[in-house]
Amino acid sequence: MIDRQALRRDFEVMQAALARRGQHVVDEESAWAKVAKLDARQRELKTESETLQAERNRVSKLIGQKKGAGLDASAEMAAMGDVARKSKELDTQARDAEAAFSAALLEIPNPLHDSVPDGTSEDDNVEISRWGTPRLDAVPPHWDIGVDLGILDFEAGATLAGSRFTVMKGAAARMERALMQFMLDLHADKHGYEEVWVPAIANSKTMTGTGQLPKFADDLYKLEGEDAYLIPTAEVPVTNLYQDKILNASELPKRHCAYTPCFRREAGSAGRDERGIIRQHQFDKVELVHITTPERVLSDLEELTAHAEAVLQALELPYRKVELCCADVGFSSQKTYDLEVWLPSQNCYREISSCSSFGQFQGRRAGIRYREEGGKPQPAATLNGSGLAIGRCLVAVLENGWQSDGSVLIPQVLQPYMGGMQRITPR
RNA sequence: GGAAGGGUGGCAGAGCGGCCGAAUGCACCGGUCUUGAAAACCGGCGAUGGGAAACCAUCCGUGGGUUCAAAUCCCACCCCUUCCGCCA
């Protein structure tokens, strides 16, 4: 959510920052066009309503005093009847205006940080760095590797739940679990994160706090007859751990890592990545979340991204880091780095982590605030990043570790988590 | 699901039609005392919106109602705690 004062004070500047996301964000149909108008109307009505309320409060007090002194106050009481009625009416109007304003405000994306590169599509994302040496020999796709080894069962997933669901068996199931454990241990023990375990269901207020609602309801699984949704990422519950809280500046930054399952309807993704486990309705992910101050949010983003990179390096998976251009940065984010892992079967890098700074956008929405010593509360800054997506990580391990005899070498750091297994061989 | 109790400021906890944005304690900030700290004592200390400011308005789980006036009365809903039932 953008700052209401800034909306009035820096209207042009914010409009320009928003327009970089695409003209539709600020054209005449947009929430942006509505919001300024609604802001003015709301304040007008509110001022009017408050004037009447002040009058009512003043006279009511007088009545109280008169009655207390045993005096007659029936004249005042009669006069206030009218005022009370009018005041109530105006108050209702002011509230409606406020609701309309808030609704429009929630539809406005985060203005981009100045450092975000220009561009018109994901093709304009900027490569920042590369790590490792990609293998360039012919490697079969992970779905063939997995089926040949008898550890991925797509038919069973489809039978049980539908398309984009998979059953993992034996070494794959074990590796899924090993990856979670390894990542959590790394972040908790080496990177100083506090591990949390949170619900995989969140209510609409929580979903609104991090920006999934109201705009992206179609991407979420909603539970029938309840104000409850399956989370699309641990970002939602973990960030909202601090919703409506005022933290002391001395407590910041807060750093949490969490494993959760993630659920996404993939409404707009028909036809993309249909085979394999790259794009599933349910997948596992370890997430990193920081709650911090606006001053250090950008340096925190570098750190957080490095923590995610450390996972790929430990697993010896070649990857690159790209910065998303202004056309590709998500709704709530002000700046995003993606980590893309090398998939030899596709001969390209594929997203395995997305690390974003949200500035104070989520802090305002979710009511996450902090206070400097003796100062006023202000919205906290938030960040998060995948550290990493487990399923995609498993894909990368299968493909990058594949041997021409059909077996798969298991990265060394994972072996202790897999009972000492060094290699997956066909059964 | 049934019964009972309860949701008040950063936390704990009083208030139960007007003098209540709200006692008190803790925490926090400033001061006195002290070589320093602690203790003690004195003072300050909620949030949001509007306003240059004075100040005004709103907020006691949420939404409605009664009243000139609601934290306080009425209705509905949500949540929490305990007991019972059920259950991984």
Side-chain angles (χ1 to χ4, degrees), chain A residues 1-9 11 35-106 197-209 213 222-229 237 240-252 254 261 291 360 363-380:
Chain A
M1 193 160 68
I2 61 170
D3 177 47
R4 191 167 187 172
Q5 255 98 34
L7 170 71
R8 299 202 283 270
R9 199 181 49 232
F11 188 88
V35 81
K37 236 178 285 171
L38 287 167
D39 175 54
R41 165 137 183 88
Q42 190 276 142
R43 283 184 303 137
E44 211 171 282
L45 280 167
K46 188 156 187 179
T47 305
E48 221 175 309
S49 158
E50 287 185 354
T51 308
L52 273 183
Q53 286 177 37
E55 170 71 0
R56 187 204 61 192
N57 290 347
R58 192 181 59 77
V59 177
S60 285
K61 203 168 228 174
L62 192 74
I63 292 171
Q65 285 165 357
K66 277 198 162 186
K67 286 194 143 186
L71 298 169
D72 174 61
S74 49
E76 285 87 348
M77 283 168 68
M80 280 307 99
D82 246 15
V83 174
R85 224 166 297 123
K86 213 174 282 174
S87 158
K88 196 163 283 180
E89 201 174 295
L90 266 172
D91 185 53
T92 306
Q93 285 181 37
R95 276 164 187 259
D96 289 350
E98 167 66 23
F101 170 77
S102 304
L105 197 62
L106 287 173
W197 188 94
V198 293
I201 288 177
N203 59 31
S204 56
K205 181 182 176 184
T206 297
M207 285 291 182
T208 304
L213 290 179
K222 184 176 190 318
L223 302 196
E224 203 174 334
E226 296 188 52
D227 179 31
Y229 301 79
N240 277 286
L241 240 26
Y242 300 100
Q243 72 171 227
D244 294 328
K245 291 241 184 330
I246 301 176
L247 302 161
N248 288 324
S250 58
E251 302 176 69
L252 300 178
K254 295 268 186 192
I291 313 288
Q360 292 169 290
R364 280 195 202 93
R365 284 185 162 238
I368 305 168
R369 292 177 294 173
Y370 77 102
R371 177 158 35 202
E372 298 286 355
E373 201 116 308
K376 286 221 145 218
Q378 54 181 318

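Reminder, nothing fancy here: chain letters follow the sequence lines and each chain counts from 1.
- Taking for each of Thr47(A) and Lys61(A) the nucleotide of RNA chain B with the nearest heavy atom, the 5'-most of the two is the partner of Lys61(A).
- A distance of 12.5 Å separates CG in Leu252(A) from CZ in Arg371(A), rounded to the nearest 0.5 Å.
- The listed nucleotides are rC68(B), rU66(B), rU58(B); the one nearest the side chain of Lys88(A) is rU66(B).
- In the set rG50(B), rG18(B), rU48(B), rG50(B) carries the atom at the smallest distance from any side-chain atom of Arg8(A).
- Comparing rG64(B), rU48(B), rA57(B) by their nearest atom to the side chain of Arg95(A) picks out rG64(B).
- Phosphate contact (OP1/OP2 of rA47(B), side-chain N/O of Arg371(A), threshold under 4.0 Å): present.
- One P atom belongs to rA71(B), the other to rC19(B), and the distance between them is 9 Å to the nearest Å.
- At whole-Å resolution of the value, CG in Leu247(A) and P in rC28(B) are 17 Å apart.
- Atom CG of Asp3(A) is separated from atom C1' of rG49(B) by 12 Å (rounded to the nearest Å).
- Side-chain proximity of Ala54(A) to the nucleotides rA57(B), rC68(B), rA47(B) is greatest for rA57(B).
- Distance check on atom P: rG15(B) versus rA69(B) gives 26 Å, rounded to whole Å.
- Residue Met77(A) is in base contact, counting any heavy-atom pair closer than 4.0 Å across all strands shown.
- In this structure, Gln65(A) and Arg43(A) both approach RNA chain B, and ranking their closest nucleotides by distance from the 5' end singles out Gln65(A).
- When the P atom is used for both rG44(B) and rU48(B), the distance is 22 Å, rounded to whole Å.
- Annotation: rG13(B) and rG61(B) have their P atoms spaced 15 Å apart (nearest Å).
- Among rA47(B), rC68(B), rA57(B), the nucleotide with an atom closest to any side-chain atom of Glu50(A) is rA57(B).
- rG21(B) and rC26(B) have their P atoms separated by 25 Å, given to the nearest Å.
- Between rC78(B) and Asn203(A), no contact under 4.0 Å exists linking OP1 or OP2 to a side-chain N or O.
- In this structure, Arg85(A) CZ and Glu89(A) CD are separated by 10.0 Å, a value rounded to the nearest 0.5 Å.
- For RNA chain B, if you chain together Watson-Crick or G-U pairs that step i with j, i+1 with j-1 and so on, the runs of at least three with distances under 3.5 Å are B:1-7 with B:78-84, B:10-12 with B:24-26, B:28-32 with B:40-44, B:46-50 with B:55-59, B:61-65 with B:73-77.
- We find that CZ of Arg85(A) is positioned 11 Å from P of rU66(B), with the value rounded to whole Å.
- Residue contacts for Arg56(A): at a heavy-atom cut-off of 4.0 Å it reaches the sugar-phosphate backbone alone, with no base atom in range.
- Whole-Å rounding puts the Gln42(A) CD to rU48(B) C1' distance at 12 Å.
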